[in-house]
Amino acid sequence: MKKNFITLLGILFINYSFAQNFEQQISNAEEFVSKKEFCKAYDIFKSALNTENQGGKFEYYYASISAANCEKNDDALKWLNVAQEKGLGLQNGEIEYIKKDENFRKIRNTEQFSSIINSIEKKLVEKKNIEEQKSKEWISDITKNTIPQKKSKFNFAKPGFALYYSTVDNVNVPYLVYVPKNYNPTKSLKAIIYLHGGIVNTEIFNFDKPEIKQEPIFGLSDKFNSIIIYPFGKKDFGWLNQKKAFENIYKIIEQVQKTYNIDKRKIYLGGMSNGGTATFWFASQRPSIFAGFYAISANPKLEIGEINFNFDKPFYEIHTKDDNVFKFEEVEKIYNKNKSKNWHFETIENGGHGIIYQEQGSKIFENLLSKLIQ
């Protein structure tokens with residue numbers, strides 16, 4: 001038994017050492033690629049990628065670049081093909097970049113290169129068809145869950161997602177309502193509004209993407225027995241500098257209150273990144289209907305007005321020291337200058353801008369809301 005255990009430890013050590021050795025080799029090779037020392041990079045890739053399926057799509061892509069520039073065309077095409085088999089080219093803009101990549105100028109007109117591009121384009125069509133089908137099913141499901149506004153009493157609501165719209169200047173602005181499992185229309189519940197981030201890069205309302213289900217806020221609905229209200233924003237109608245988009249949040253809340261039994265004393269608002277920044281406007285400009293506020297990875301600096309940091313309601317914020325979008329030092333400086341009794345600023349050592357999407361992100365988010373919703 002002892003011998004077998006020692007043997008197992010030996011195998012684990014060898015595998016660990018091999019993994020470390022592979023990662024170091026790849027790192028060295030990619031550094032040579034960045035220096036345009038392609039033949040040195042090629043020699044390392046040739047040694048490192050000698051195990052079937054070892055490495056990811058980008059390792060093989062850089063290996064292909066090194067081979068093409070070192071006039072090892074057969075390996076360049078072989079590695080580029082492995083890269084596409086591992087999913088290279090399926091993200092936005094990748095295939096256009098590959099087609100124009102000057103590193104492949106000497107193999108671009110070969111039959112093998114055209115075949116690789118054709119394979120990627122075929123996969124893209126298949127991916128698009130699958131995504132469109134999933135989107136149709138998603139829209140169908142959340143539309144079915146929509147319920148009419150109350151007449152004399154609140155209606156039964158199926159747990160899960162429901163899609164609604166508010167109209168602003170002839171624009172239908174979508175929003176989701178997530179109903180917890182224990183919702184009883186005869187009993188009022190808390191409501192948590194979540195303003196998403198990424199407004200500056202969002203061209204359309206992304207309500208048709210089923211991936212939205214993975215947003216951490218929805219996973220906390222049952223934990224806090226709360227209805228979640230999730231408005232959608234975009235670059236030209238979002239919580240950056242469009243005041244009508246800010247004011248529309250109040251309209252959405254009014255609509256939801258006419259449809260679901262919400263405790264008007266327990267409505268909380270917050271958000272992530274741009275959504276967290278927008279929260280400062282609500283907290284300092286029009287806080288009356290809210291019980292409290294929260295923000296994640298937010299910049300306490302508005303484009304549509306000054307912030308009065310003497311908040312009347314509790315405001316809980318978290319920020320990581322390694323945030324690469326809104327630098328911690330700059331945010332902390334604003335906090336230190338404008339400290340107030342209701343502004344609770346918490347620091348996390350690491351996790352980046354998207355801290356709530358990391359491994360422990362949901363727990364961090366839950367702890368933040370727990371302090372707010374006492």
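Numbers for residues simply follow the sequence, beginning at 1.
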Determine which pairs satisfy disulfide (SG to SG under 2.5 Å) with at least one residue from residues 60-101, sequence neighbours left out, and list them in order.
-> Cys39-Cys70
Mind checking what makes salt bridge (charged side-chain N to carboxylate O under 4.0 Å, His left out) contact with [X], not counting sequence neighbours?
X      : value
Glu137 : none
Glu349 : Lys321
Lys99  : Glu121
Asp312 : none

Does the ring centre of [Y] sit less than 6.0 Å away from the ring centre of [X]?
X      : Y      : value
Phe161 : Tyr230 : no
Tyr164 : Tyr175 : yes
Tyr250 : Phe282 : yes

Between [X] and [Y], does any side-chain donor sit less than 3.5 Å from a side-chain acceptor?
X      : Y      : answer
Tyr260 : Gln255 : no
Asn342 : Ser340 : no
Asn81  : Gln84  : yes
Asn28  : Gln24  : yes

Residue pair [X] / [Y]: nearest heavy atoms and the distance that separates them:
X      : Y      : answer
Asn145 : Lys158 : OD1-CD, 3.4 Å
Ala278 : Leu302 : CA-CD2, 4.3 Å
Ser273 : Gly197 : CB-CA, 4.1 Å
Lys313 : Gly292 : CB-CA, 4.2 Å
Tyr294 : Ile217 : OH-CD1, 4.2 Å
Ile304 : Gln242 : CG2-N, 4.3 Å

Please lay out, stage by stage, how Lys35 and Glu31 fare under the test salt bridge (charged side-chain N to carboxylate O under 4.0 Å, His left out).
-> CA-CA 6 Å; Lys35 294 177 180 178; Glu31 185 176 351; 3.4 Å; yes
Any salt bridge (Lys or Arg N to Asp or Glu O under 4.0 Å) involving residues 227-253? Give me the pairs, sequence neighbours left out, ordered by first then second residue.
-> Asp169-Lys244, Glu203-Lys235, Lys234-Asp236
Counting heavy atoms not belonging to [X], are there more than 12 under 6.0 Å from its [atom1]?
X      : atom1 : answer
Lys57  : NZ    : yes
Lys209 : NZ    : yes
Glu126 : CD    : yes
Lys123 : NZ    : yes
Asp74  : CG    : no
Glu111 : CD    : no

Please assess Thr259 against Val177 for the test side chain to side chain contact (heavy atoms under 4.5 Å, CB included), listing each intermediate value before the final yes or no.
-> CA-CA 10 Å; Thr259 311; Val177 173; over 6 Å; no
Let me know which of Tyr62, Phe32, Trp79 forms a ring pair (Phe, Tyr, Trp, His ring centres under 6.0 Å) with Tyr42.
-> Trp79
Give the cluster check for [X] versus [Y]: same hydrophobic cluster or not, with ILVMFWY residues linked at side-chain heavy-atom distances below 4.5 Å.
X      : Y      : value
Phe224 : Phe365 : yes
Ile130 : Ile95  : no
Tyr268 : Tyr194 : yes
Trp138 : Phe218 : yes
Ile307 : Ile199 : yes

Do Asp43 and Lys46 meet the salt-bridge criterion of a basic N to acidic O distance under 4.0 Å?
-> no
Is the closest basic N to carboxylate O distance between Glu59 and Lys86 below 4.0 Å?
-> no
How about [X] and [Y]: do any of their side-chain heavy atoms sit closer than 4.5 Å?
X      : Y      : result
Ile289 : Lys264 : no
Leu80  : Leu88  : yes
Asn261 : Tyr183 : yes
Ile142 : Leu176 : yes
Ser297 : Val325 : no
Gln358 : Lys363 : no
Glu346 : Lys371 : yes
Ile228 : Glu215 : no

Trace of the side chain to side chain contact (heavy atoms under 4.5 Å, CB included) decision for Glu366 with Ser362 | CA-CA 6 Å; Glu366 181 183 344; Ser362 292; over 6 Å; no
From CA spacing to verdict: salt bridge (charged side-chain N to carboxylate O under 4.0 Å, His left out), Lys327, Glu332 = CA-CA 9 Å; Lys327 299 298 183 183; Glu332 185 184 41; over 6 Å; no
Sole candidate of Phe293, Phe280, Tyr316 that passes side chain to side chain contact (heavy atoms under 4.5 Å, CB included) when paired with Trp343 = Phe280
Drop me the distance from Ile267's CD1 to Lys190's NZ, to the nearest 0.5 angstrom.
-> 12.5 Å
To the nearest 0.5 Å, how far apart are CG in Asn274 and CH2 in Trp239?
-> 9.5 Å
Give the C-alpha distance, both sets of side-chain angles, the deciding distance and a yes or no for side chain to side chain contact (heavy atoms under 4.5 Å, CB included) between Arg105 and Asn69.
-> CA-CA 9 Å; Arg105 63 191 179 279; Asn69 283 283; 4.0 Å; yes
Side chain to side chain contact (heavy atoms under 4.5 Å, CB included) assessment of Phe311 paired with Ser284 = CA-CA 6 Å; Phe311 303 130; Ser284 67; 4.1 Å; yes
